[in-house]
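Only one structure is covered here, and it is reproduced in the block below.
Every heavy atom of this structure was used, including side-chain atoms; hydrogens, water molecules and symmetry mates were not.
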Amino acid sequence: MSFTTSAIDKLPAAPCGDDAEPESVLAAADLAHALVGLGRFGSTHARKLGSLPGFRLCGMVDSSPSAKPVADLAALPLLSGIDALPPGIESATVATSDGTHAEVAMALMRRGCHVLVEKPLCTDRRDGMLMIRTAQQCGVVLSTGHIERFNPAFDAATLAWIRRAALRHRGSAHPFLRFRRFSCREANALDSVLDLMVHDLDLLAWLCAIPADAPLQVVSRQIDVRSARVRVRLGGLAAELESGYDSMASSARLQVCNGGRQHVLDLRDPRRTTPDSDDALARQYQDFRRAVQGNGRRIASGADGLAAVTRASQVQHA
């Protein structure tokens, strides 16, 4: 089974290289930013944005009656709707429930906001296409929060090495990359595909410089109570992915099969921890800001996010 996204979804991949912030970006004015959704992820975003250089958090929105302001940002009012946001908002984060991402993001883009949507970009491919079209019509940037692109395991040297190795493995029947990602939550194993495996479907494409419109072929699939396991072909490369719940601890691992040798990257290695001022979320926001200024490097575009959702849906329904 294979599927390809349409031409509207195709955008160039972010280049790899030095991630240092250029002086022109550092000197630019802070973005007046809003956050929509104050659940577990949204609260994390709020705390980060409250002290992140390059952003000025001007409004938080959550329509839930149980929503509470973030303790460190109590001086900032909690608004019940996007219409209550003050004028002049330039960019926004959407961290609402997955099924509302499209509606909220499009409302913000129609206000002229550049938008970063937590993954998954959407839950329905048709909504994703409307989001991309809306961004184009409104002249704004639509990005997807595939934060694993900013994992310290993928420094510039490692990324370049994987991409060189991928070129040598194209056309091979043996898996080049093997992903395994588990959460200690309890949920249906099939749900892990859009919740967890979607990270690795994006990483597979990004690490190997495979375009968003490349067709995915599901070679085999196995779903049991605990996990979902799949073998796919994408961009001429074979890969295996596994995701699931009910693990003793959350984990994420990538195995690179290169020339008969196995290289394992622990994507949750505590030895790779960085200061809060330079963690993966901070780096993602810095690159989102660069994208708004036309110079994004690693940030997942709306097309990238839609490709990951489309491929996850294909795995779910294979």
Can you tell me if Arg272 uses its side chain to pair, donor with acceptor, with the backbone of Pro152 under 3.5 Å? no
Just jot down the salt bridge (charged side-chain N to carboxylate O under 4.0 Å, His left out) partners of Arg261, sequence neighbours excluded, or say none. none
Go through the structure and list residues passing side-chain contact (heavy atoms from CB on, under 4.5 Å) with Leu167, not counting sequence neighbours. Arg170
Sequence neighbours left out, what pairs pass ring-ring contact (aromatic ring centres under 6.0 Å, His included) with at least one residue falling in residues 257-278? Trp161-His263
Any ring-ring contact (aromatic ring centres under 6.0 Å, His included) involving residues 235-255? Give me the pairs, sequence neighbours left out, ordered by first then second residue. none
Run the ring-ring contact (aromatic ring centres under 6.0 Å, His included) test against Phe179 and tell me which residues pass, sequence neighbours left out. none
Quick one: do Glu148 and Lys119 make a salt bridge, cutoff under 4.0 Å? no
With sequence neighbours excluded, give me every salt bridge (Lys or Arg N to Asp or Glu O under 4.0 Å) pair touching residues 182-192. Arg185-Asp195
Among Val115, Val292, Thr93, Leu116, find the one that has a side chain to side chain contact (heavy atoms under 4.5 Å, CB included) with Ser143. Leu116
Residue pairs involving residues 48-65 (criterion salt bridge (Lys or Arg N to Asp or Glu O under 4.0 Å); sequence neighbours excluded): Lys48-Asp279
Can you list every side chain to side chain donor-acceptor pair (under 3.5 Å) pair that touches residues 102-116, not counting sequence neighbours? none
Val309 vs Arg125 side-chain heavy atoms within contact, under 4.5 Å: no
For Phe55, ring-ring contact (aromatic ring centres under 6.0 Å, His included) partners two or more places apart: His33, Tyr285
If I take atom CZ from residue Arg181 and atom OG from residue Ser192, how far apart are they, to the nearest 0.5 angstrom? 11.0 Å
Checking side-chain polar atoms at under 3.5 Å, does Asn258 have a donor or acceptor matched by the opposite partner on Arg168? yes
Residues at least two apart in sequence or cross-chain that pass salt bridge (charged side-chain N to carboxylate O under 4.0 Å, His left out) with Arg178, listed by chain then number, are Glu240
Backbone N or O of Ile299 within a donor-acceptor pair of the Asp287 side chain at under 3.5 Å? yes
Please tell me if the side chains of Leu204 and Arg311 come closer than 4.5 Å, counting only heavy atoms from C-beta onward. no
Separation between CG of Leu31 and CD1 of Ile89, rounded to the nearest 0.5 Å: 10.5 Å
Among residues at least two apart in sequence or on other chains, which ones pass side-chain contact (heavy atoms from CB on, under 4.5 Å) with Ser250? Ser183, Cys184
Tell me every residue that passes side-chain contact (heavy atoms from CB on, under 4.5 Å) with Ser227, counting only those two or more places apart in sequence or in another chain. Phe182, Asp224, Arg229, Glu242
